[in-house]
Amino acid sequence: MGSSGVLKVFTTRADTLFGATFMAIAAEHPLALAAAARDPELAAFVDECRRGSTMEADVATQEKKGLPTGLHVRHPFTGAPIEVWVANYVLMGYGEGAVMGVPAHDERDFEFAGRHGIPIVTVVKSKSGAYGKAVAPWIPAYGEHGITVDSGEFSGLESDAAVDAIAAALEARGLGAKRVQFRLRDWGISRQRYWGCPIPLIHCPACGDVPVPDKDLPVVLPEHLVPDGSGNPLAKTPEFVHCTCPQCGGPARRETDTMDTFVDSSWYFLRFACADNDEAMVDARAHYWLPVDQYIGGIEHAILHLLYSRFWTRVMRDLGLVQLDEPFAKLLTQGMVLNHIYYRHPEGGRRSYFNPADVEMRDGVPVLIADGKPVVHDGLGTMSKSKGNGVDPSKLIGEFGADTARLFMMFTAPPEQSLEWSDEGVQGAFRFIRRLWKAVHDLVSLGPLPSADFAALDMEQKALRRLAHETLAKVTDDIGRRHTFNTAIAATMELLNVATRTSTASAQGRAVVREAYEVIVLTLSPIIPHVTHALWQSLGHATALIEEPWPKPDPVALVRDEIELVVQVNGKLRGRVTVAAGAPEEVVRAAALAEENACRFMGGKPVRKVIIVPGKLVNIVV
RNA sequence: GCCGGGAUGGCGGAACUGGUAGACGCGCCGGACUCAAAAUCCGGUUCUGGCGACAGAGUGUGGGUUCGAUUCCCUCUCCCGGCACCA
């Protein structure tokens, strides 16, 4: 009933089409504007909606308001008239700016219908039997897939099948089609800020908006401006604003909006591959280097930056500038580092924030150390300039050195986890590096480092060698696959603990200990590069550590002669037995059943079942 | 409101595929060395009971599945992040 006589809607739930009891359109929808022109009340409402926030969180929480347009459409299958409403929860920028209202199976429509007395028609029956008819109050099961009912020839289908059948039927009648709808909305890239990339346009009163000619690019920002906190300083800088029109040569005004920094972050990785090319955006080298093998970013970028950069890459692909669909092959999202937030809010003034390092607790009250007066604690939050709760690593580096600072931070938690900042424990990292340093030099001071006959090791040496190679395998996996640097570091600490206790009285002993130290030095080299570089040379190598290949564990060293198994009775740990590696199940079973403490707990009761987990445990069920 | 992640000793965390809860480190307690302190080294450290061997309890809450659950399923609570103009 618009100009074409058709109201287009987009839905992901075509299976609920027979439950549509109203149509809801966005305030900016052409039909809404046309209706508003005839209805002052509606015009006021449309105006109110436009002024409102379009932020998703606001749209989702605000009251579901609406007014009827007085217009009706016909249901595509039943032909029944359906009233068209303007609703504040429908976004013009998504889909068609119009939705079919199915109160029985959509929470927003349900709330809207309840508020405006619109009928609720159930057309999907719950598969789990959670409900038969949608009645207030709303429960999430109403929105789930199920079996269609009261849907004419489409009744009795599972939701997915119903979507396909209804879509096919609509398509056959020329009333609709299936399509992929990306949740990609319009992106307003201009910002009223000084520090963005200039938008190269000139506004001429005679010629209109004129692009800056290629020969005058790039437009360079003035460097002497100081933002005064009110508006865009570029707009207050006449020498930047005043220019001549490239077309007519008359006086003109330079665009002062700059681009969102998201624009730059959407493709900088492409530019890095060919940063010296000042003739083109990218060249063939981008094709060689991209996609980025491993992208690391904060979890706060999980939506926006990643969405924009993937979108931008596809735009450049469509323009023939690059040949890839996805910019990043692998993604690691780091957790946020949180810190306490403290502020004061003077009456009539702006909030001022204080760094947690400048705040201490006195009698359970946070006070500013400088003046001893209280500050307000605003919980934990991500570190930000605006909240002033960041941490300057240079303090840590100055006191302990860069390697200790790095080791400490990597040891604290796995990178994907969010973390409350604390530098308690930095001493532990410092101590470990010093222990490693001393251990290596103690060994070197014993004289020239011999090589070992690994076939003739005693028990202690064999155990250390096995641990060294197990550690190497674990660290390789932790760093390369799991990215759990904290457990990789913990494993090297354990190896150092054992290695420093191993006797270096014999040449064999010194050789095995040396090998263990080399595993530690090589595997920690990405984390503490300076210390390990020096230690590598102390261990008698003329080469630079950074040139060394990553070592591989020796399968011979990994072999075990015997293994310890846990013995459980009814799932509770009662004892341990040691058996030969690869012992047959009967032997393992007999050993477990003979274990002293386990026998005590079996108490002579008949054994119902014995569960053997090879290499791990035996559980005796009585 | 919706989406994603999380909760384990005094603290950061470990337990990777349902199989020994608390690795490693911090802190704390005790000891050695020292005139003393720092540093270093040795021992202890989930809680409860016990001299001890050991036993009982225990991974935010409540329930379920299993021989066995921090791990899987359901419920609830709290915390962090995102929701398109902080980047």
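First the proteins, then the strands, lettered A, B, ... as listed; each starts at 1.
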| task | Quote, to the nearest angstrom, the P distance that separates U61(B) from A7(B). | result | 13 Å
| said: Counting the atoms with a prime plus P, OP1 and OP2 as sugar-phosphate, which does Lys385(A) contact under 4.0 Å by heavy atoms, base, sugar-phosphate, or nothing? | reply: nothing
| message | Over 60° means perpendicular and under 30° means parallel, so tell me whether Phe272(A) and Tyr268(A) are parallel, tilted or perpendicular. | response | perpendicular
| request: On the 0 to 90° scale, with breaks at 30° and 60°, tag the Phe112(A)-His116(A) ring pair as parallel, tilted or perpendicular. | output: tilted
| said: Please encode protein proximity along nucleotides 16-22 of chain B as a string of B, S and -, counting only heavy-atom distances under 4.0 Å. | reply: B--BB--
| message | Need one value for Leu380(A): base, sugar-phosphate or nothing, where a base atom within 4.0 Å counts as base even if backbone is also close, heavy atoms only. | response | sugar-phosphate
| remark: Ranking A14(B), A55(B), C80(B) by distance to the side chain of Pro414(A), first place goes to A14(B)
| remark: Testing G13(B), G43(B), G25(B) for proximity to the side chain of Phe411(A), the answer is G25(B)
| message | Which nucleotide wins on minimum distance to the side chain of Thr382(A), given the candidates G81(B), G56(B), A39(B)? | response | G81(B)
| task | Identify whether the distance between the nearest side-chain nitrogen and carboxylate oxygen of Arg560(A) and Glu470(A) falls below 4.0 Å. | result | yes
| Salt-bridged, Arg501(A) to Glu460(A), with N to O below 4.0 Å? | no
| task | Find which nucleotide of RNA chain B each of Gln417(A) and Arg600(A) is nearest to by heavy atoms, and output the residue with the more 5' nucleotide. | result | Gln417(A)
| request: State whether Arg314(A) and Glu326(A) are salt-bridged, where the test is any N-O pair (Lys NZ or Arg NE/NH1/NH2 against Asp/Glu carboxylate O) under 4.0 Å. | output: yes
| task | Give one of base, sugar-phosphate or nothing for Tyr89(A), where a contact means two heavy atoms less than 4.0 Å apart. | result | nothing
| message | At 4.0 Å (heavy atoms only), tell me whether Leu304(A) reaches a base, stays on the sugar-phosphate, or touches nothing. | response | base
| query | Which whole-number value in Å describes the distance from Asn597(A) CG to A53(B) P? | reply | 12 Å
| query | Which atoms form the tightest heavy-atom contact between Asn389(A) and Pro356(A), and what is the distance? | reply | CA-CD, 3.8 Å
